[in-house]
Number of protein chains: 2
Amino acid sequence: MKRDQAEELKSLQDTLYFIGGKWRIPVINSLCNGNRRFREIERSIPGITTRMLSKELKEMEMNKLVKRTVYDDTPVSVEYEPTEYCRTFGNIIMEMINWGRDHRKFIQKNK
Amino acid sequence: MKRDQAEELKSLQDTLYFIGGKWRIPVINSLCNGNRRFREIERSIPGITTRMLSKELKEMEMNKLVKRTVYDDTPVSVEYEPTEYCRTFGNIIMEMINWGRDHRKFIQKNK
DNA sequence: TTAACTGGTATACTCAATGATACTGGTTAC
DNA sequence: GTAACCAGTATCATTGAGTATACCAGTTAA
């Protein structure tokens, strides 16, 4: 069975496209870590602005990565939940965390 | 042993920063697939421009991801080789290819 | 001699992603 | 009453990543 490099490249680029900007992966990670409320997610990602988080969550809702639920208590509270589909990024994120960790060690050692 | 979410996020963001733009991962992938010559790499990544590939390879050389060797035959030929460090992206790339592939199937099924 | 290959560089431009800042309307605690 | 929380929206400015296009000097093949 031959490896189809063009097909692999296409898959790779699809993934990169889907991951898109700077915040998608951190937001997925935050949701998968159990953060649910808007401000809670915001606080869990230092540096993100309200605007970017809002945009990101909207797009992710459209892409079925996140489920938004409004609870009608007073005051209204909103919950964001990662879908099963969202969780399929688990392996990629894990590998990225591992790489970043090893990279840091590597830098420290060679400094 | 507790998971340190801040540390994980930092590792994640370091990795994302290192991966950077649109072409880094495709170039690494191409090199790891055995492409060595400039035009060969260029052709293996449809859509990339000469300028972007040139920039990418220079940065990657500075970051010790790639080794550039000039052979003094006529005409001069140049070879790019992935370093061991470059190959540490193997797992991430593999997971990304898998995700993209599954995603395509998922889209097709639900269409 | 003309075209096509090699390995790139130079210049100009554009636009979409991100950042900065302010604001809203409602609620709760001191 | 005022400060701080919630969940965002609105507007504007910026910037750099990426694109487009042309070009260079040398070599090889028809």
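All chains are named by letter (A, B, ...) in the order of the sequence lines, taking the proteins before the strands, and each is independently numbered beginning at 1.
Residue B:Y80 forms a side chain to side chain donor-acceptor pair (under 3.5 Å) with just one option from B:R37, B:R68, B:R36, B:E61, and that option is B:R68.
Within residues 60-69 of chain A, the residues that place at least one heavy atom under 4.0 Å from DNA chain D are, in residue-number order, A:R68. Non-hydrogen atoms lying under 4.0 Å from DNA chain D are contributed by A:R37, A:F38, all within residues 12-38 of chain A.
Proximity of B:R43 to the phosphate of C:dT6: a side-chain N or O atom is located under 4.0 Å from OP1 or OP2. Residue A:S54 has a polar side-chain atom (N or O) positioned under 4.0 Å from OP1 or OP2 of D:dT9.
Between A:E40 and A:G34, the shortest heavy-atom contact is OE2-O, 4.4 Å. Shown here for B:P82 and B:L31, the closest heavy-atom pair between the two residues is CG-O, 3.8 Å. The heavy-atom pair separating A:N35 from B:Q5 by the smallest distance is ND2-OE1, 4.2 Å.
Nucleic acid contact for B:Y80: sugar-phosphate only, since backbone atoms but no base atoms lie under 4.0 Å from a heavy atom of the residue.
Residue B:I45 contributes atom CD1, which lies 12 Å from atom P of D:dT19 at whole-angstrom precision. Separating the CD atom of A:E42 from the C1' atom of C:dA20 is a distance of 14 Å, rounded to the nearest angstrom. The distance between atom CD of A:E79 and atom P of D:dG8, rounded to the nearest whole Å, is 12 Å. With rounding to whole Å, B:E56 atom CD is found 15 Å from C:dG8 atom P. One interatomic measurement links the two molecules: CD1 of B:I48 to C1' of D:dT19, which rounds to 12 Å at whole-angstrom precision. Rounded to an integer number of Å, the gap from A:K58 NZ to D:dA10 C1' is 11 Å. Distance, B:K55 NZ to C:dA10 P: 13 Å, rounded to whole Å. Rounded to an integer number of Å, the gap from CG of B:L53 to P of C:dT6 is 13 Å.
Among residues two or more places apart in sequence or in another chain, the side-chain contact (heavy atoms from CB on, under 4.5 Å) test is passed with B:D102 by B:K105. Here A:E42 pairs with A:R39 under the salt bridge (Lys or Arg N to Asp or Glu O under 4.0 Å) rule; sequence neighbours left out. In this structure B:D73 satisfies the side-chain contact (heavy atoms from CB on, under 4.5 Å) test together with B:Y71, B:S77, sequence neighbours excluded.
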Kindly indicate, with the supporting measurements, whether the criterion side chain to side chain contact (heavy atoms under 4.5 Å, CB included) is fulfilled by A:I48 and A:V27. CA-CA 10 Å; A:I48 198 169; A:V27 170; 4.2 Å; yes
Checking salt bridge (charged side-chain N to carboxylate O under 4.0 Å, His left out) for the pair A:R24/A:E59: CA distance, chi angles, key distance, verdict? CA-CA 10 Å; A:R24 174 72 45 100; A:E59 276 182 50; 3.1 Å; yes
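No donor-acceptor pair closer than 3.5 Å links the side chain of A:S11 to the backbone N or O of B:G100.
Ion pair B:E7/A:R104 flagged as a salt bridge, since at least one NZ, NE, NH1 or NH2 atom sits closer than 4.0 Å to an Asp/Glu carboxylate oxygen.
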Base versus backbone protein contacts along nucleotides 21-27 of chain D [heavy-atom cut-off under 4.0 Å; B, S, -]: ------S
